[in-house]
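For clarity, every value in this text was computed on a predicted model and none was experimentally measured. What's counted below: heavy atoms across the whole structure, side chains too, no hydrogens, waters or symmetry copies. In the text below, chain A, chain B and the rest are named by the order of the sequence lines, each starting its count at 1.
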Protein chains: 2
Amino acid sequence: MAERLIYLPLGGAGEIGMNAYVYGYGRPGKERLILVDLGVTFGDMDGSPGIDLIMPDMAWLVANRDRLDGIFITHGHEDHLGALGHLWKRLDVPIYARAFTGALCRLKLQEHGLPAEAVNIVSARPEVIDAGPFKVQFVPISHSIPESGALIIDTPAGRVVHTGDFKLDGTPVVGEAFDPAMWQQIASEGQGVKVLACDSTNIFSPHPGRSEAMLANPILEWMVTQPNLVVATTFASNIARLKTLAEAAKASGRKICLLGRAMRRMVSVGLETGILSEFPETISPEEAADLPRNKVLLLVTGSQGERRAASAQLSRGRYLGLSLAEGDSFLFSSRTIPGNERSVIRIMNALSELGVDVYDADDGFFHVSGHANRPDIEAMHDLLKPRIVVPMHGEHMHLREHVQLARSKGIAAEIVTNGAMLDLTGDAPRIVDQIETGRIYLDGNVLIGAMDGIVRDRIRMALNGHALVSVIVDEEDNVLPDAWVELMGLPGRTRGGEDLAAHIEGELSEFLEGADSRVVRDDAKMEEAIRKVTRQVSMEEIGKKPEVTVIISRLMAE
Amino acid sequence: MAERLIYLPLGGAGEIGMNAYVYGYGRPGKERLILVDLGVTFGDMDGSPGIDLIMPDMAWLVANRDRLDGIFITHGHEDHLGALGHLWKRLDVPIYARAFTGALCRLKLQEHGLPAEAVNIVSARPEVIDAGPFKVQFVPISHSIPESGALIIDTPAGRVVHTGDFKLDGTPVVGEAFDPAMWQQIASEGQGVKVLACDSTNIFSPHPGRSEAMLANPILEWMVTQPNLVVATTFASNIARLKTLAEAAKASGRKICLLGRAMRRMVSVGLETGILSEFPETISPEEAADLPRNKVLLLVTGSQGERRAASAQLSRGRYLGLSLAEGDSFLFSSRTIPGNERSVIRIMNALSELGVDVYDADDGFFHVSGHANRPDIEAMHDLLKPRIVVPMHGEHMHLREHVQLARSKGIAAEIVTNGAMLDLTGDAPRIVDQIETGRIYLDGNVLIGAMDGIVRDRIRMALNGHALVSVIVDEEDNVLPDAWVELMGLPGRTRGGEDLAAHIEGELSEFLEGADSRVVRDDAKMEEAIRKVTRQVSMEEIGKKPEVTVIISRLMAE
């Protein structure tokens, strides 16, 4: 069979988060593979209570890891590298990244006691990394973190450009500017670009994106007019924003105090790797507490309302000896990711109760997006003239809109979601296989499958409460009086004011007294019968059916 | 002691939802009282899993119900009347409302087998309702439901205007237009307006609000260009919007099919009470299924992504014999309430997977808000010239912003949140008491207190999982081998691959063997010790501490 070029997203396609894209080249089923990015997404109470991190299921790739020639990390965001520490060991192949990104990758591995040497620090184009049949180059592209790299993946079937996350920013404050001339050059080499795998995040934003540099003046003008303490929050990885905020502080006579581990870590990795050539001097929380309030900027984590981050802690009162007061100012220099609204609003209200004035990015002065908007995506199409567009980094609606945009311009395009294998060899992309894929949860320090039922049971307990029934059966298969019922997350009293547990116990005892001996002798049958009675009685008494766990203890003759 | 005029919000102040505002007049502690609105808010997985409805705690008012002279319902939204069926019985005083609102109130009572006659249907101003020392008039004001009524509450201490929910809409499509001349008249009568208790919802929206009538053309222009089936969703109570959508359908040759109980109910109550003088003919789902797709508009519930509403059902496939297909159009003629974003986005993506084109209100063509924006709130201040502004219907940050706005114009104003009693007698409002207040949850069909710990336990089980331990102690205080452990919502295996329940059982058995007899004889001590061991072992093995329920069964000598 002829060799083919395939694309197989394991994460990030049909969702925003946990990016993991496989490319392959070779005979069907024998393709040599590379993986682009290995990220996480975050759990939420709605769909994954108790889960900190969600990762793509790597089962298919692990099963085929003898065919895997390398992992390429485009940039340092958690949704692109966050799973390395948890999953790299199962793949055990070289990781390639540029210096700053690579330093972050190494930290991820080291946190899990894995060898930092697995990460190969490479340079931007013209350096070429050979990985099986692929020749890969990192191409600087602008985004909301420095050193974001698009990838040129040259294959025997033609050139693939994988944008990673990008925007068209000519003045990104920190890191490399978007360089149209270079991209024109890339498009004109050899046979040109066969495939553009392209970020779709902001496909619904109709106006051209704005540059990071546009924020410097509004932020400075704002900061100098604030009468007291100023707190600003943004993603710690948005080093350009940190710099803009810090420079504004410096220019308005404020010292900068970084709060939150991620904030300090990003600045230090930025300085160590030379991404940040300079950053204004920072002070400790103790020093900040001793200065006049109008001489301080706190740069803090928690722009998404995370409960344990510095923003939330400050909103609840004191944090590391610092506290906010009437007349202080708090800036959300960030966009709220859908799903985090209530958490962010909770913090805003808590700040309001403290008398703190809150400013957010709603009017556009204090935040710009890191992703290409619709006209910018179109400009990228125009610049690279790909024969095929594969939208990625988007939910289904983003991918669909992006496909429609590409097709409207005569470019072949296909909606490809996680697990779909796309054959890119010919002129028209076509889906040739569907791989079993899914999500892995980090629960405590154990990895569990999203479909294992564990989280489903948690959600059910949260919605329905949990009733526990314990019965003891003696040596002669008599059920001892009485059944014992404990309730967790259920009303103590029925609608009529009776004790609910006692009421269920009564009904169960009655039932068990009359129970058939074939039921009493059979654990499964007895459990099922007890569960049914418990749920039925609860439904009658409180209008809901709890989850029920039954423990049957059988006494043994000594 | 002198008589005084008081204001005491029990719900709706410091939050958006479950409105319930008390006014009182008389000697301190002996004031005669009225209640304005008795609404609900909705539970969510984040803070109140398993809870359908949340209501204000009426304990204070129930304790003082001999002083309560009536309940006035301003309009028909759930957050203003939704708790009537659940709580009215505890108050048992006359309810006053205008015809359409009153019909909705009666339905609420009837659903709970309560007497519809408790609701007194009254007319708008000039009708005056005497309630103790209060003389109350309903004044038509525009909002996103017809017949929204502001209240004039005349008291011996002066005139209070309670806006209810409002916007300044001169052309509301259905219902009464905002009438500046009438409000000028109201402001000029007698001593003028002493207190304006005013909606704060949109205080952060800087531009003047837009009229409902502005939507007719964009919606019609959009509808005529849709090639296939059109589905539109909005709040069922937004009868003007339903009419606009239905008229556009009619004008574009489509028949209208209403899906969702609330949708049908609102239209029928609207027609019965004369609020709707006409509404285009509607057809059944069966009839809709038989028509060509481009001849149908489905008007459906579920604009907030509610799982069981028609929108969600349609997005998942077939519903009542109807299904969506490639080329159909789905319009969200609504704003997404913060917290509902993920649910709405989930539906949008499901529709995208079906090939349905989704349109939303983001560009402003297909939705206008029902609340007064900042300039409109200011206009209301200017029109009524109150001596005191009391912001209500807002979270803390809204109330604070509204207070700042009023004070900037020289009007006395105070932030008053639920439970704070405000004395309005003098020129400057002051908080004179803090009442114990809170939230009541409807769980199944039982009312429970938000602070009862029931929901807290559910959240803990959802985050941490639940471990159940059963031990049996014999007649001589010997613990029988072995402890039995059942896990719910916890990984079955430890990080090392061992069976977690078996491992905990082993550790518990070991602990119990060596346990002091003073511990074994004491249920509380043994329970505590078992809980501690279970949590500790779990922490070591899976990195998290579950909730633990212990059942100790003691065998009795026969």
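Between A/S553 and B/S553 the shortest side-chain heavy-atom distance does not fall below 4.5 Å. Between A/M45 and B/L463 there is a side-chain heavy-atom pair separated by less than 4.5 Å. Side-chain contact between B/Q404 and A/D357 is present, with at least one heavy-atom pair separated by less than 4.5 Å.
To the nearest 0.5 Å, atom CG of residue A/L555 and atom CG of residue B/D474 are 9.5 Å apart. Taken to the nearest 0.5 Å, the CG atom of A/L487 stands 10.5 Å off from the CG atom of B/D457. Taking CD of B/E341 as the reference point, atom CG of A/N340 lies at 9.5 Å (rounded to 0.5 Å). Separation of atoms CD1 (A/I472) and CD1 (B/I472) is listed at 4.0 Å; rounding is to 0.5 Å. Atom CG in A/L468 sits 10.0 Å away from atom OG in B/S470 (nearest 0.5 Å). Note that CD of A/E540 and CG of B/N445 are 11.0 Å apart. Values are rounded to the nearest 0.5 Å.
Heavy-atom distances place no part of B/V403 under 4.5 Å from chain A, backbone and side chain included. With a threshold of 4.5 angstrom between heavy atoms, A/R493 approaches chain B through N, CA, C or O but not through any side-chain atom. For A/V356, the part sitting under 4.5 Å from any heavy atom of chain B is the backbone (N, CA, C, O) and nothing else. If you measure heavy-atom distances from A/D46 to chain B, the contacts under 4.5 Å come from both the backbone and the side chain.
Per-residue heavy-atom pair counts under 4.5 Å with chain B were compared for A/G465, A/P338, A/G339, A/S538, and the maximum is reached by A/P338. Among A/D452, A/I345, A/I448, A/V455, the residue with the largest count of heavy-atom pairs under 4.5 Å with chain B is A/I345. Per-residue counts of heavy-atom pairs under 4.5 Å with chain A were compared for B/D362, B/I454, B/I51, B/T549; the largest is that of B/I454. Here A/D443 is the residue among A/I459, A/T494, A/D443 with the most heavy-atom pairs under 4.5 Å with chain B. In terms of heavy-atom pairs under 4.5 Å with chain A, the best-connected choice from B/N464, B/T417, B/I551 is B/I551. Residue with the most contacts toward chain B among A/G444, A/G50, A/S352: A/S352 (heavy-atom pairs, distance under 4.5 Å). The candidate from A/A462, A/G543, A/P49, A/S48 with the greatest count of non-hydrogen atom pairs under 4.5 Å with chain B is A/A462. When B/H466, B/E486, B/M539 are compared by the number of non-hydrogen pairs under 4.5 Å with chain A, B/H466 comes out ahead. Of all the listed residues (B/H396, B/E541, B/E353), the one sharing the greatest number of non-hydrogen pairs under 4.5 Å with chain A is B/H396.
Looking at B/R400, its side chain does come within 3.5 Å of a backbone N or O of A/G355 through a donor-acceptor pair. Checking side-chain atoms of A/N349 against main-chain N and O of B/E395 turns up no donor-acceptor pair under 3.5 Å. In terms of modelled atom types and a separation under 3.5 Å, the side chain of A/K544 and the main chain of B/V446 share no donor-acceptor contact.
Summarising the local packing, CZ of A/F365 is surrounded by 12 or fewer heavy atoms from other residues, nucleotides or ligands at distances under 6.0 Å. Atom CZ of A/R342 has more than 12 neighbouring heavy atoms from other residues, nucleotides or ligands inside a 6.0 Å radius. Within 6.0 Å of CZ in B/R554 there are more than 12 heavy atoms belonging to other residues, nucleotides or ligands. Counting non-hydrogen atoms of other residues, nucleotides and ligands closer than 6.0 Å to CZ of B/R316 gives a total above 12. No more than 12 heavy atoms of other residues, nucleotides or ligands sit less than 6.0 Å from atom CZ of A/R495.
Counting all heavy atoms, side chain and backbone alike, A/R458 lies closest to B/M461 at CG-O, 3.9 Å.
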